Structures are given as structure tokens and as C-alpha cells.
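In what follows, a single structure is set out as C-alpha cells and then discussed.
Everything numeric here is computed off the predicted structure, so don't read it as measured data. Atoms within each ligand, like the ligands themselves, are counted from 1 in listed order.
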Amino acid sequence: MAIREIIEAPDPRLKTVSVPVETFDAELKALVDDMFETMYAANGIGLAAIQIGIPQRVLVIDLQPDDPDAEPEPCDHDGHHHTHQPTKREPRVFINPEILDPSVETKAYQEGCLSVPDIYADVDRPSTCRVRWQDLEGNAHEEAMDDMMAVCIQHEMDHLNGILFIDHLSRLKRNMALKKLDKMRKAA
Ligand code: ZN
């Protein structure tokens, strides 16, 4: 396993339309392992393969990214000394995912992206959808998604089609975001 470098906007590779996975082998498992390690190290909740420069239709998501093996953190913010138990990780892998039946009803969530660091903006998306995908063995699955999972899978699906969340914003807001990113990068 290895932590890979995450590609950041405006790198043109992020506009790539990724290709379907056809071979479900050890190489694919190794890629997914690296994607999880990279995502957890960056404190993200989702990562598409193209974000580490691999143009394949592979996503990893974990809405509970805390490490269960981490030492419980003592905290006394409310005056009582107690320990903060990390939640259990819930890693999920989606190979060749497809969005089906996106709801007409939409909901705005504040989104961020490991490829657009420190930029957050509200994006409107269908509030529920069904997702069909394959697992690491190539078996097909289908599931209804809502809440954060619906937001996250639609955000990650966009990456497979070369779209970033800032592409959903007005041109003015997108340019402001890219300018801020450039400024922060120069300051760093
Ligand atoms: Zn993203």
C-alpha cells in the first residue's frame, strides 16, 4: 500500500473521462488499497481514481473515516474529562458505477474536494438516487442512496466524467474559487 499524490485543479487530467474497468484482478485491488490509504491520509470521505491520475471508473467512499485503531482522544471541552471514541470505518468500493433514477427533488449541500483544497461551496443535486456498480470481484450490486451518501456518490461520479464540483457553480464563483486556490498555493 502507498499514499499517492492527489492531483489538484486546474490540472487538465481532472477533465479526463475515465474508462470502464474490464479486468477484476490483483492490480485493481492494489489500486483500491492505495486509494483508501491516500483518502484516509488526506482526511477525505471520497476519492476517484482519476484524482491520483488513474483514468479508470473506480471510486472509494467512507463517510466514517475515523481510524478505529487510533488512541481514544481525551477531551474536556465541557469541563468533564472523558474520552472521545472514534467511530468505526465503513469503506465502500464502487467499480463502474452508474446513477439511476435521480430524484426530481434537489438539495443543496456544502461540498469540498481533495482536488480543490480549502474551497467549499453549496451545490444543488438530486436528493436521492439509485446506484448500480460492480465490486472487486466483478459482481453487480444496486442500492438506493440518500443523504450524505447520495451527495458523495454523485460528486465522485462527476470525477469519472471529468467534472469538478466547482463546475456546478456560476462562472463568476468558479473563477473566484480558482483564484483563491492559486493565491493559497502561492502563499504556501
Ligand atoms: Zn472531489
Side-chain angles (χ1 to χ4, degrees), residues 2-21 28 31-66 89-99 102 106-129 131-134 143 145-185 188:
I3 294 174
R4 312 267 200 111
E5 192 194 342
I6 296 175
I7 296 173
E8 294 180 2
D11 191 307
R13 285 176 288 176
L14 290 168
K15 295 197 188 294
T16 311
V17 176
S18 297
V19 299
V21 171
L28 178 65
L31 168 66
V32 165
D33 282 347
D34 281 2
M35 286 172 67
F36 274 117
E37 195 173 358
T38 303
M39 180 185 81
Y40 287 131
N43 292 315
I45 58 170
L47 190 75
I50 190 60
Q51 291 180 276
I52 57 166
I54 311 291
Q56 292 193 29
R57 301 187 85 79
V58 179
L59 307 177
V60 300
I61 291 179
D62 192 337
L63 301 180
Q64 305 284 354
D66 288 342
R89 278 182 175 172
E90 290 172 7
R92 301 200 60 179
V93 181
F94 299 90
I95 315 286
N96 301 329
E98 285 174 79
I99 304 273
T106 62
K107 201 168 178 183
Y109 269 95
Q110 192 180 57
E111 297 188 21
C113 180
L114 294 177
S115 293
V116 193
D118 300 317
I119 306 283
Y120 301 91
D122 278 350
V123 178
D124 261 313
R125 297 185 189 273
S127 47
T128 65
C129 61
V131 180
R132 184 185 291 158
W133 75 95
Q134 284 170 282
E143 191 180 312
M145 308 281 187
D146 59 10
D147 293 325
M148 270 305 286
M149 197 61 197
V151 175
C152 196
I153 193 103
Q154 291 179 81
H155 172 119
E156 299 308 327
M157 269 302 296
D158 271 356
H159 278 298
L160 302 186
N161 296 322
I163 298 164
L164 295 174
F165 82 96
I166 52 172
D167 295 329
H168 290 281
L169 308 177
S170 68
R171 189 194 293 191
L172 179 74
K173 281 189 180 165
R174 180 169 59 249
N175 286 343
M176 275 168 55
L178 287 169
K179 230 179 218 167
K180 188 175 165 196
L181 196 62
D182 189 48
K183 222 177 186 175
M184 285 188 300
R185 208 173 275 143

(message) On a heavy-atom basis, which atom in Cys129 and which in Pro102 lie closest, and how many Å separate them?
(response) CB-CA, 4.0 Å

(request) Indicate yes or no: at least one non-hydrogen side-chain atom of Glu156 is less than 4.5 angstrom from one of Phe94. (result) no

(request) State plainly whether the residues Arg4 and Asp34 are in salt-bridge range, i.e. N to O under 4.0 Å. (result) yes

(request) Taking 2.8 Å as the upper limit, name the protein N, O or S atoms near the Zn ion (ligand 1). (result) Cys113 SG, His155 NE2, His159 NE2

(request) Without swapping roles, check the side chain of Asn96 against the backbone of Val21 for a donor-acceptor pair under 3.5 Å. (result) yes

(message) Using only atom types and a distance under 3.5 Å, with no angle test, would you say the side chain of Asn161 pairs donor to acceptor with the backbone of Ile163?
(response) no

(request) Using the test side chain to side chain donor-acceptor pair (under 3.5 Å), find all partners of Asp182 that sit at least two apart in sequence or belong to another chain. (result) Lys186

